[in-house]
There are 2 protein chains.
Amino acid sequence: MGASLKDVAKLAGVSVKTVSNVVNEYRHVSAATRSRVREAIDQLGYRPNLTARHLRYGRSGIIGLALPELGIPYFAELAEEVIAAAERESWSVLIDQTDGRGDRERLTSSGARSRTIDGLIISPLALDAEFLTAMRADLPLVLLGEQVGPGIADLVAIDNVTAAREATEHLLGLGRRRVAAIGDQRVSAAGTANVRLQGYREALAAAGIAYDPDLVVPAESYHRPDGAAAMRLLLSLADPPDAVFCFNDLLALGALRTLLAAGLRVPADVAIVGVDDIEDGRFSTPTLTTVAPDKTQIAEAAVTMLLERVNGLDAPPREVIAPHALQVRESTNTVAGARCPM
Amino acid sequence: MGASLKDVAKLAGVSVKTVSNVVNEYRHVSAATRSRVREAIDQLGYRPNLTARHLRYGRSGIIGLALPELGIPYFAELAEEVIAAAERESWSVLIDQTDGRGDRERLTSSGARSRTIDGLIISPLALDAEFLTAMRADLPLVLLGEQVGPGIADLVAIDNVTAAREATEHLLGLGRRRVAAIGDQRVSAAGTANVRLQGYREALAAAGIAYDPDLVVPAESYHRPDGAAAMRLLLSLADPPDAVFCFNDLLALGALRTLLAAGLRVPADVAIVGVDDIEDGRFSTPTLTTVAPDKTQIAEAAVTMLLERVNGLDAPPREVIAPHALQVRESTNTVAGARCPM
DNA sequence: CTGAAAGCGCTTACAG
DNA sequence: CTGAAAGCGCTTACAG
């Protein structure tokens, strides 16, 4: 198909080494030779074959990003940042969707382990420590979100316990006493859901409020329908909640929908807090109070750490804890007046 | 780093050809040899180097997907489907974000033109026919969304004129007479915005309603803030609209926010229709009436057509028009009762 | 059924 | 400042 270095060399009447020198902009090429080579390149429409270059260098210039699904805005926004950060360093990003099952087969088959990528940023979810440890032996790895086991690989996350505690404290500070939690998951022992639940419980304990298991509703996935269904369950309780801490914004937006459809007012009757700070929550009615992780910083840290590993850094696993901040908006702001959308 | 075919061959005491035969599961390998090779593979932890294989085959097994940004849910959902469709065919997807500027530099540098991908699915936006024609000479191309010029490359899209006409007719059918449009763009002559505007105008004309340029508001990008700002502009008119057709759901959700914040009721005072059918609109309050393109079909058609080209199909540019359907929800349903969210 | 050799397109010591 | 040659790891005619 395309022309190769050899073709260019032949046309320019020089060796491939010289063409390579010109292409890679090494000095020590005479101006005359350089322009002759340039001409040949233009004439043939030559562009370097990156696959060959990668084979030679022993790397592909591509990193993988394994996420549950792009359909969850938090991950889409994060992917956006990761791609941008990688591009700044002239790396490309291959995205793998794990469907939240963290299915080993998928990861294995999808190139993560087949040396087509030089490193992997992975949101682990259902993957266990053992599997990840094995993966790390093959491939530089950066974990996103939550530590799966002690010192498995580099990690970038926010302090989820503190974040959850602050969110719950904020609701308690509003004077609410029946504070529910939506998003519990029993899948893995160290998952994000568990640490968020822990922060929730700490806040309740500090406020001297008894933990009521009825107020903690699991969510199979973290989409709006799950939040909506969980909220319906909570509304069916004899003593329903007056506030809800949702483990992500999508669950919160689903819960919000259920509340409004049931004729309840938010925050007057039930206040809501989410996590992620996705754009949706800044334009919903009411707007959504949320814990905002610094996604740009998370993405940059992940890419930086991964490339350091790809470049041979041999150090014990590192942890970057990115900052987060509670964004108070209408869904917990009882001062603002109520409005009627329909 | 990892073991190569040669290492395995040496350990198993056979030639590399034989190892290759085993790895690729060719028949005609004696059971004894096969198991000896298998053992060596396990022992060395051998996995094939895809880069080398790709060099040999002259292709990378990777296709590119160039989108404005993953932060726009429609594109994130589409990317999700494209990745899934590609994976079914054992292809990987490299995502490029063009930032809506369709910037040539980015595309050029980001691998699209550097032979690291075997084909490209691209949402063209600001790219002109000339540039795309030049690209197609290098690389199999499938255009997403809108035809940029006559017969430039394979295209998959919905019938945007009809979709826009139907959306507008739906609003007119509600008895609205001041129907605004948000999302006009002057960038390219054949862009999606223009065909949607055309459908809008056709519907007005068919209903015998004069076209009022004051009711058509441009949007620089298609995010919620743009819709919110455009709606504020419309509300400042002496004779504000009683309905709005937004060129995508994000604009519609932004407009919705402005209306509710201004104390207006939707749809009682102003009815709204969007395009894209993103998940947000199914859970907003009120839920959003929208034109739903069949994203799965769009993604599958794009991947199928691209792979056909990658496999050498030499045919004139083809067009796939995917189905769409108007999803009527609360934002235009004047029959449903009004509820008060806050 | 298996082996030795060439070649995909590049880069990089090694000479000159 | 430039060239001839080896090699990255794979596959594939070509022999046997």
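Computation of the quantities below employed the complete heavy-atom set of this structure, encompassing side-chain atoms and omitting hydrogens, waters and symmetry-equivalent molecules.
Nucleotide dC10(D) holds its C1' atom 13 Å from the CG atom of Asp7(B), rounded to whole Å. Taking atom NZ of residue Lys10(A) and atom C1' of nucleotide dC10(C), one finds them 16 Å apart after rounding to whole Å. Between the CG atom of Leu50(A) and the C1' atom of dT11(C) there is a distance of 14 Å, given to the nearest Å. Atom CD of Glu25(B) is separated from atom C1' of dC1(C) by 18 Å (rounded to the nearest Å). As a whole-Å value, the separation of Leu55(A) CG from dC10(C) P is 12 Å.
Between the side chain of Asp154(A) and the main chain of Arg318(A), a donor-acceptor pair closer than 3.5 Å is present. Proximity of a side-chain donor or acceptor of Asp294(B) to a complementary backbone N or O of Pro323(B) within less than 3.5 Å is not detected. Arg36(B) contributes a side-chain N or O that, together with a main-chain N or O of Ala12(B), makes up a donor-acceptor pair within less than 3.5 Å. In this structure, Thr18(B) contributes its side chain and Val14(B) its backbone to no donor-acceptor pair below 3.5 Å. The backbone N or O of Pro140(A) sits nowhere less than 3.5 Å from a side-chain atom of Arg309(A) that would complete a donor-acceptor pair. In terms of modelled atom types and a separation under 3.5 Å, the side chain of Thr304(A) and the main chain of Glu300(A) share a donor-acceptor contact. Counting only distance, with no hydrogens or angles, the side chain of Gln97(A) and the backbone of Leu70(A) share a donor-acceptor pair below 3.5 Å.
With values rounded to the nearest 0.5 angstrom, Leu94(A) atom CG is found 8.5 Å from Ile83(B) atom CD1.
Helical stems in DNA chain C, defined as runs of 3 or more consecutive Watson-Crick or G-U wobble pairs with donor-acceptor distances under 3.5 Å: C:1-3 with D:14-16, C:5-12 with D:5-12, C:14-16 with D:1-3.
In terms of phosphate contacts, Arg53(A) brings no side-chain nitrogen or oxygen within less than 4.0 Å of OP1 or OP2 of dG9(C). Contact annotation: Ser4(B) does not reach the phosphate of dG9(D) (side-chain N/O to OP1 or OP2, under 4.0 Å). OP1 or OP2 of dT2(D) sits under 4.0 Å from a side-chain N or O of Ser30(A). Note on Thr51(B): every side-chain N or O is 4.0 Å or more away from OP1 and OP2 of dG9(D).
In this structure, the nucleotide among dC10(C), dG3(C), dT2(D) sitting nearest to the side chain of Thr33(A) is dT2(D). Closest contact between the side chain of Ser15(B) and the listed nucleotides dA4(C), dC10(D), dC8(D) involves dA4(C).
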Between the protein and nucleotides 12-16 of chain D, which nitrogen or oxygen pairs are less than 3.5 angstrom apart?
unit_1: dT12(D); atom_1: O4'; unit_2: Arg56(B); atom_2: NH1; d: 3.4

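Where Gly13(B) and Asn24(A) each meet DNA chain C at their nearest nucleotide, the meeting point lying more 5' is that of Gly13(B). Nearer the 5' end of DNA chain C, as judged by each residue's closest nucleotide, is the contact made by Thr18(B), out of Lys6(A) and Thr18(B).
The side chain to side chain donor-acceptor pair (under 3.5 Å) analysis of residues 71-80 of chain B, with sequence neighbours excluded, yields the pairs Glu77(B)-Lys295(B).
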